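Just so it is clear, the model here is predicted, and its values are computed rather than measured.
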Amino acid sequence: MTFIDSIRRTVGRGPRGVEPDEAPPHPASRDASTAAEGTALDASLPMTAGEPAPASPPAATTATGAAIEIAPSDPLFAYLQSATGVVDAERLELESPALDELRAAGIRVIVPLVTQGELIGALYLGPRLSDQDYSTDDRKLLSTLAAQAAPAIRVAQLVREQAVEIQARERLEQEMRVATLIQQQFLPRDLPELRDWQVAAYYGPARAVGGDFYDFIALPDGRIGIVVGDVTDKGVPAALIMARTQSVLRGEAPRLMSPTKVLERANEILLPEMPARMFVTCLYMILDPETGQVVYANAGHNLPYVRTAEGVLELRATGMPLGLLPGMDYPEHEAVLAPGESVLLYSDGLVEAHGQAGDMFGFPRLRELLATELPGSELLDHLLDELHGFVGKGWDQEDDITLVTLQRTGGWGLPSAEATAEAAADAEAAAADAPAHHAPDVAPRSSHDRILLRTSLPGEPGNERRAMDRVAGAVAELEIAGDRLERLKTAVSEAAMNAIEYGSQNDPTIPIEIEAAVEGAELVVRITDRGLSGPLGGSEEPDLEKKLAGEQKPRGWGLFLIKHMVDAMEVTPHGTGQTVTLTLHLEGAGDASDPVQG
């Protein structure tokens, strides 16, 4: 039996057309309110303050009038909250809009529903069908039922509020998953491989997905466009604007070939599409790998830093963010990166990170850290290590962090005249000794080492194959014998697999670094990881029977296999992880009387 049925059975017949088990109407309001029927008893159950509208509102009945809301600021609200029993609407003297409306609807008595001192609703009753006044027994019964019903109704309201909150959290989590997917799909999967350049990038998303992005755009003239940007706001809207901005830049950059024109055009396209209170900061730079020249323009983004032999400098450029105002200008600037110099592009998630004392990581700290002479990937590791030390354990990352660094390899400054003359003489001697159709000698004739490959790959399973293919492509010019090349590829694949599984723990956001170089008479391949699972174990020779008996780990063949695929293998731990170095002697590079055996 429902509460309404109890009232109807005791006091009188309820409104026509309302079945006993039919749910009462629930107005979507923060105010204490019910419906009223002018000629019959109506005991509708109200919703509490703050309760959202139900997903599927109950069917309306012809016998129930519209709900009359009582605003918290209305004097009637405070009166009912402090009332001790049934209230006579006709005798009450208050200047109350809600009371006037109740009287106009024919309401005779109001039964407050109060629990723990809080008014959660009210029952409105019209005149009895017999036209008699409500008796003392009627009023006692209504007061008793209200006292019993109010806590139960409050519990039901809390359950409904909790269900709505859970639905809201689920929607938010789903939105975050969608935003993350959008963002990951638009981040570049591979870093550009540029001769005499080391390129490294890091993207660390916050839990509330923002709109950070970076990109590398191949241009028709051999130059490369580099983009770093940040969309205001978070979640799916920011992710969609980020995707749209990248699409515009990718479409316009190869056609316009100028940072100024690209940003001006992007601003025109994005302006009518930009949601209210959103915009995009963006720095667009074009690099000429041959000369080291960079041409750049800035749309309200953080200024890049350049590390030179003299110190750390800013590449100053200003401009309004994209999608904010029409007709904006983005002045173009130029600089040249000499061998040994590097540039860092970044988002504000790094400099605006807060430590435990509430202070920010800040630009001065970043500039000081950039003074160290570390190569690109190691520099990023160094910055992240310093950041984690600054924010401390249990850090709740506030914003995405994006870092992109370009380093022109070589010593500080241009090569000396003596080194240039020596290299030219070596090249002439090699050309004179070799037939026109013959490839040059695979071993360098000068004392200078040669970088063949520097790249990084996401630390996710399957990328060991990509690592193997990239190394094989980089060393193709060395014409390594087929069987030796296959053993090298196997060693690289196994070492990369170990780096991904143990160093990155299969996390695509934690990259592995790969370098291949000719050093004297040897090919050296280095695979570096973060060492999240600790240092690699020794290369104990695996025993199948022991493994089957459980006396050895199921895995453990990797290092043993690698060691027998190359001429030398070394595992070197360091502050941020470890490096596996593979060495292969180059045939014909040593003394002809003492050839290296494959």
Looking at [X] and [Y], what are the two nearest heavy atoms and their distance?
X	Y	answer
Met569	Val580	CG-CG1, 4.1 Å
Gly340	Gln407	O-NE2, 3.9 Å
Ile480	Leu485	CG2-N, 3.8 Å
Arg223	Met257	NH2-O, 3.6 Å
Pro188	Phe216	CG-CD1, 4.2 Å
Arg530	Gly503	CB-O, 3.7 Å

[X] side chain vs [Y] backbone, donor-acceptor pair below 3.5 Å:
X	Y	result
Thr405	Ala200	no
Gln397	Gly204	yes
Tyr214	Tyr346	no
His354	Glu352	yes
Glu332	Thr260	yes
Ser247	Ala243	yes
Arg307	Thr372	yes
Arg277	Thr232	no
His382	Glu378	no
Asn463	Pro458	yes

Sidechain N-carboxylate O distance under 4.0 Å for Arg365, Glu368: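 Judged by the 4.0 Å cut-off on N to carboxylate O distance, Arg365 and Glu368 do not form a salt bridge.
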Any non-hydrogen side-chain atom of [X] less than 4.5 Å from a side-chain atom of [Y]?
X	Y	result
Val525	Val566	no
Arg408	Leu406	no
Thr281	Asp348	no
Ile217	Pro254	yes
Gln198	Ile451	no
Thr583	Glu519	no
Thr245	Cys282	no
Arg244	Leu270	yes

Full working for side chain to side chain donor-acceptor pair (under 3.5 Å) between Ser347 and Asp212: CA-CA 7 Å; Ser347 67; Asp212 272 21; 2.7 Å; yes
Nearest-0.5 Å distance that lies between atom [atom1] in [X] and atom [atom2] in [Y]:
X	Y	atom1	atom2	value
Ile286	Tyr296	CD1	OH	13.0 Å
Asn506	Met497	CG	CE	10.5 Å
Glu314	Asn302	CD	CG	10.0 Å
Ile512	Ile514	CD1	CD1	4.5 Å
Tyr284	His301	OH	NE2	15.0 Å
His585	Asp567	NE2	CG	4.0 Å

Parallel, tilted or perpendicular: ring planes of Phe361 versus Phe390, cut at 30 and 60 degrees: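 Taking Phe390 first and then Phe361, their aromatic rings stand perpendicular (interplane angle over 60°).
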Side chain to side chain contact (heavy atoms under 4.5 Å, CB included) assessment of Met328 paired with Leu263: CA-CA 9 Å; Met328 292 293 97; Leu263 292 183; over 6 Å; no
Arg526 and Glu515: CA distance, side-chain angles, deciding distance, salt bridge (charged side-chain N to carboxylate O under 4.0 Å, His left out) verdict: CA-CA 5 Å; Arg526 297 181 177 89; Glu515 177 184 276; 3.0 Å; yes
Salt bridge (charged side-chain N to carboxylate O under 4.0 Å, His left out) between Lys261 and Glu264, worked out: CA-CA 5 Å; Lys261 294 179 180 179; Glu264 288 176 351; over 6 Å; no
Option among Thr402, Ile241, Val228, Val280 that satisfies the side chain to side chain contact (heavy atoms under 4.5 Å, CB included) test with Phe213: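 The side chain to side chain contact (heavy atoms under 4.5 Å, CB included) with Phe213 is passed solely by Val280 among Thr402, Ile241, Val228, Val280.
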Residue from Leu313, Leu379, Val306, Val343 passing side chain to side chain contact (heavy atoms under 4.5 Å, CB included) with Leu370: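 Answer to the side chain to side chain contact (heavy atoms under 4.5 Å, CB included) test with Leu370 among Leu313, Leu379, Val306, Val343: Leu379.
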Test log, rule side chain to side chain contact (heavy atoms under 4.5 Å, CB included), inputs Asp230 and Asp399: CA-CA 10 Å; Asp230 186 5; Asp399 199 0; 4.1 Å; yes
Check whether more than 12 heavy atoms from other residues, nucleotides or ligands sit under 6.0 Å from atom [atom1] of [X], and answer yes or no.
X	atom1	value
Arg465	CZ	no
Glu273	CD	yes
Glu290	CD	no

Residues Leu344, Leu383; criterion side chain to side chain contact (heavy atoms under 4.5 Å, CB included); working and verdict: CA-CA 11 Å; Leu344 174 73; Leu383 293 178; 4.0 Å; yes
Intermediate values then yes/no, side chain to side chain donor-acceptor pair (under 3.5 Å), Thr528 and Glu513: CA-CA 5 Å; Thr528 301; Glu513 309 292 336; over 6 Å; no
Side chain to side chain contact (heavy atoms under 4.5 Å, CB included) assessment of Leu249 paired with Asp215: CA-CA 9 Å; Leu249 294 173; Asp215 204 359; over 6 Å; no
